[in-house]
Peer 1: 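Quick one: the structure is below, and I'll ask about it shortly.
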Amino acid sequence: MVAARDADDTPDTTEIRRLAAAAGYDVVGELTQRRAEDRRYNLGAGKARDLADVVADADADAVVFDGELSPGQYADLLTLLPAGTTLVDRYRLVLEIFVAGAGSTAARTQAELATLRYELPRLERAEGESALNRAFFEKGSPVLDAERRIDALEAKLDGITDAAADRRERRRAEGFDLVALAGYTNAGKSTLLRRLADDMAVAPPSAEGHADLAEAATAEDRLFETLETTTRRATLDGRRVLCTDTVGLVADLPHDLVRSFSATLDEIAAADAVLAVVDASADEDRLRRRLETTVEVLAADATGPVIPVVNKVDRLDDDGRAAALAAVADVLAGGDVDTREPVAVSALDGAGLDRLRSALVDALPGATASFAVPNSGAAQAFLSWLHEHGDADATYGADAVAVEFAGKPSVVEEARRRADALGDACGE
Ligand SMILES: Nc1nc2c(ncn2[C@@H]2O[C@H](COP(=O)(O)OP(=O)(O)OP(=O)(O)O)[C@@H](O)[C@H]2O)c(=O)[nH]1
Ligand SMILES: [Mg+2]
């Protein structure tokens, strides 16, 4: 049974129902209320009793509450509900999705850390109330245990994120640009990643060098389909790029909880450019709210330029597309983020992808140089290196090859060194 309250509007339960489904619940009904928060039950007392009745009538096992219940509200509401009913608020629900779906060590550590951070204040409250048990607690209390476990998990996660940071630095040194795909859950990030990524059949990750590159990012019409970051290679105008798909964002989660998913935030912080993916087929209110949630995270973490990707435009006519682009530009105008022109795409049918690729290349830090190298076997090897690392345009003369080259600044520098070594180089 879904329950929701909103002070200003009749609550919209679409998202909480989808979150409940993602956590494995089968929603049998809902009860909503428009009123200010009640201190005791969150819902008004009368509504809280109604909730107990509908739960009993529907024989529901659980109540999913759209919002945060204070520890006190949680306890009081639970006593009203039929015995044995499980009560889950919005945060608990999101945690359940992550705990159930976390596969890798990093994802499991993050999910467990977030759960403990959520539970700590609740344990503290319970412990404060049971002063009688204090003597027992001196030996070790649930609060102390949780605090110790949080410290241990933080240390473990630091190790994992440090390793990820080292890996990113290695990739950067190899000449890769790092691009992060960020955005609200279900916006189409993983679908877009599959579009941008080089075909794995053509460029398989070599066993030793790219063991960290995932084979696939699954895309599903389910909230929180992606529960950990995955990285794939892409080639844009000859530039070698690593695109990382991140965990989706959702509104109204406490900062601590979001912070626990540091792998996603780190990828956003380290990226040379961020693609902020937006589901343009959502109605304008939702589109704006979801983008605001995304912008909050980007403003805190992104350092590179942000390209808004207005996705799913295959579902819109021209007017709808223009309206979505205008709404996106409007939300971003107020934000604290270095944003570029929004690009309309359909990750599903591929429309707009070429424009997105060139917008991305433009946003990546770049440099250009011209070289003239003697036309020799060594020059051919140099040219193929250039083609692999950037955008090279060669003009063959009688005994020299003139090359215009564009790419990542560090790669252009390396190209200069190689051209110098070949002799007769005129960089600019
Ligand atoms: N019509 C349409 N559907 C799309 C498009 N892009 C993605 N979708 C669908 O939207 C749903 C969500 O796509 P995902 O790629 O899984 O979205 P995500 O942002 O990775 O979602 P999470 O991993 O849950 O955060 C899937 O059913 C996709 O097929 C698009 O351009 N057009
Ligand atoms: Mg995904």
Side-chain angles (χ1 to χ4, degrees), residues 14-24 93-104 106-107 110-111 114 179-197 214-232 234 243-253 257-258 261 263-265 267-268 274-283 286-287 289-291 293-295 297-298 306-318 320-321 324-325 328 342-357:
T14 318
E15 184 168 274
I16 194 72
R17 280 170 170 267
R18 295 198 65 194
L19 286 170
L93 187 62
V94 171
L95 289 170
E96 283 184 3
I97 297 171
F98 279 89
V99 170
S104 70
Q110 295 185 132
V179 172
L181 281 76
Y184 211 76
T185 182
N186 207 239
K189 299 176 293 298
S190 301
T191 310
L192 182 62
L193 177 74
R194 296 164 98 168
R195 279 276 167 198
L196 292 175
E215 301 265 326
T218 59
E220 245 346 293
D221 194 15
R222 196 186 92 113
L223 300 192
F224 291 115
E225 171 62 15
T226 304
L227 295 175
E228 54 200 288
T229 59
T230 54
T231 299
R232 290 182 60 175
C243 288
T244 299
D245 183 20
T246 64
V247 174
L249 307 168
V250 72
D252 301 326
L253 291 186
L257 211 155
V258 176
F261 293 91
T264 281
L265 302 182
E267 291 292 350
I268 291 170
V274 176
L275 300 180
V277 186
V278 182
D279 177 354
S281 70
D283 66 49
R286 287 200 184 108
L287 185 157
R289 271 186 278 118
R290 292 173 186 174
L291 183 56
T293 301
T294 307
V295 168
V297 171
L298 295 180
V306 173
I307 301 173
V309 181
V310 179
N311 189 32
K312 308 197 188 181
V313 294
D314 53 281
R315 289 189 180 158
L316 301 175
D317 57 16
D318 288 349
R321 194 176 295 206
L325 281 164
V328 166
V343 182
V345 308
S346 166
L348 202 63
D349 68 20
L353 261 289
D354 284 337
R355 279 186 35 241
L356 177 60
R357 286 193 187 92

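If you read the sequence from its start, that first residue is 1, and numbering goes on from there. Atoms within each ligand, like the ligands themselves, are counted from 1 in listed order.
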Peer 1: Per the ring pair (Phe, Tyr, Trp, His ring centres under 6.0 Å) rule, which among F261, Y184, F98 passes with F224?
Peer 2: F98
Peer 1: Looking just at side-chain N and O atoms, do T229 and T264 make a donor-acceptor pair shorter than 3.5 Å?
Peer 2: no
Peer 1: Does Q110 use its side chain to pair, donor to acceptor, with the backbone of A263 at less than 3.5 Å?
Peer 2: yes
Peer 1: Could you tell me whether the side chain of S346 and the main chain of V313 form a donor-acceptor pair under 3.5 Å?
Peer 2: no
Peer 1: Could you please give the number of protein N/O/S atoms within less than 2.8 Å of the Mg ion (ligand 2)?
Peer 2: 2
Peer 1: Assess, by modelled atom type and distance only, whether the side chains of S104 and E228 contain a donor and an acceptor separated by less than 3.5 Å.
Peer 2: yes
Peer 1: Let me know which protein residues bring a heavy atom to under 4.0 Å of ligand 1; chain then number is fine for ordering.
Peer 2: T185, N186, A187, G188, K189, S190, T191, A219, E220, D221, R222, L223, F224, E225, T226, G248, N311, K312, D314, R315, S346, A347, L348
Peer 1: With sequence neighbours excluded, tell me which residues meet salt bridge (Lys or Arg N to Asp or Glu O under 4.0 Å) with D283.
Peer 2: R286
Peer 1: Do the side chains of E15 and L19 get nearer than 4.5 Å, heavy atoms only?
Peer 2: yes
Peer 1: Any heavy-atom pair between the side chains of I97 and L223 that's under 4.5 Å?
Peer 2: no
Peer 1: Can you pull the salt bridge (charged side-chain N to carboxylate O under 4.0 Å, His left out) pairs that have at least one residue in residues 347-357, sequence neighbours excluded?
Peer 2: D354-R357
